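This report concerns only the one structure given below.
None of these values were measured; they are calculated from a predicted model. Heavy atoms only: backbone and side chains are in, while hydrogens, waters and symmetry mates are out.
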Amino acid sequence: MKLGESEDESKKEKEIFDSVSTGDFVKVVYKGEYFPGSVQEKNENSVRVSVMCMAGLRKWKWLDREDSIFYPREDILKKLSPPTPAPGTASRAASYFVFADW
């Protein structure tokens, strides 16, 4: 448990981290901003996540080049359901995605 963190916060953080596996989608925080991404690798205290970038209101897209780093367990905020193609983007071959549980 970190300084200033309650026991409940620490327990929730551990539950989220323990539930995440390679291939899952998660919501991470990086420098105060939130991003969805796919878990590429997991070790004892962090996960490597390939993140998506914002492409409009609540729409996300994969970057041309993979953007992945290791995020410490406290930066993994939530496990997400896999994304679905964003409505109205059929003409763009489903390049934009939404997360129902964002």
Side-chain angles (χ1 to χ4, degrees):
M1 191 161 61
K2 295 181 295 251
L3 185 61
E5 182 178 57
S6 75
E7 191 173 322
D8 287 343
E9 288 172 326
S10 181
K11 184 178 178 183
K12 182 178 178 185
E13 177 184 296
K14 181 179 177 353
E15 286 173 2
I16 292 169
F17 185 81
D18 289 348
S19 74
V20 171
S21 301
T22 300
D24 287 342
F25 283 87
V26 293
K27 181 179 187 176
V28 298
V29 61
Y30 179 74
K31 294 185 178 181
E33 294 190 47
Y34 303 103
F35 300 92
S38 174
V39 175
Q40 305 297 305
E41 184 179 342
K42 181 178 179 180
N43 62 36
E44 190 175 314
N45 292 308
S46 63
V47 293
R48 184 169 61 88
V49 178
S50 178
V51 295
M52 302 172 90
C53 68
M54 187 171 272
L57 186 60
R58 301 179 64 97
K59 292 181 187 172
W60 301 90
K61 70 176 184 171
W62 292 109
L63 298 164
D64 292 334
R65 289 178 32 181
E66 183 177 322
D67 181 6
S68 69
I69 62 170
F70 278 92
Y71 291 86
R73 67 177 2 166
E74 62 268 14
D75 290 348
I76 308 303
L77 304 178
K78 181 179 184 179
K79 189 173 176 180
L80 299 170
S81 299
T84 56
T89 61
S91 63
R92 291 184 282 256
S95 331
Y96 300 97
F97 299 90
V98 295
F99 289 86
D101 50 357
W102 179 252

Inter-residue atom distance Ser46.OG - Asp75.CG, 0.5 Å rounding = 10.0 Å

How close do Cys53 and Leu63 get, heavy atom to heavy atom, and via which atoms?
-> SG-CD2, 3.3 Å

Is there side-chain contact between Trp62 and Ser38, with heavy atoms separated by less than 4.5 Å?
-> yes

To the nearest 0.5 Å, tell me how far Tyr30 OH sits from Ile69 CD1.
-> 5.0 Å

Just how far is it from atom CZ of Phe99 to atom CE of Met52, taken to the nearest 0.5 Å?
-> 5.0 Å

Count the heavy atoms belonging to other residues, nucleotides or ligands that lie under 6.0 Å from CZ of Phe70, then report whether that count exceeds 12.
-> yes

With rounding to the nearest 0.5 Å, note down the distance linking NZ in Lys59 to CE in Met54.
-> 11.5 Å

Heavy-atom pair with the smallest gap, counting every atom of Asp24 and Ser19 | OD2-O, 3.7 Å

Between OG of Ser50 and CZ of Phe35, what distance do you get to the nearest 0.5 Å?
-> 12.5 Å

In terms of heavy-atom contacts, Val98 and Ala86 come closest through CG1-CB, 3.8 Å

Smallest heavy-atom separation, Ser81 atom then Asp101 atom, equals N-OD2, 2.8 Å

Closest contact, heavy atoms only, Ser95 versus Lys61 = O-CB, 3.4 Å

Residues pairing under salt bridge (Lys or Arg N to Asp or Glu O under 4.0 Å) where one sits in residues 34-48, two or more places apart or in two chains, turn out to be Glu41-Arg48, Arg48-Glu66

Heavy-atom pair of closest approach, residues Ile16 and Leu77 = CD1-O, 3.3 Å

Between atom CD of Glu74 and atom CG of Asn45, what is the distance when rounded to the nearest 0.5 Å?
-> 9.0 Å

Mind checking whether Val26 and Tyr71 have side chains closer than 4.5 Å, heavy atoms only?
-> no

May I ask you to decide if the ring planes of Trp60 and Trp102 are parallel, tilted or perpendicular, using 30° and 60° as cut-offs?
-> tilted

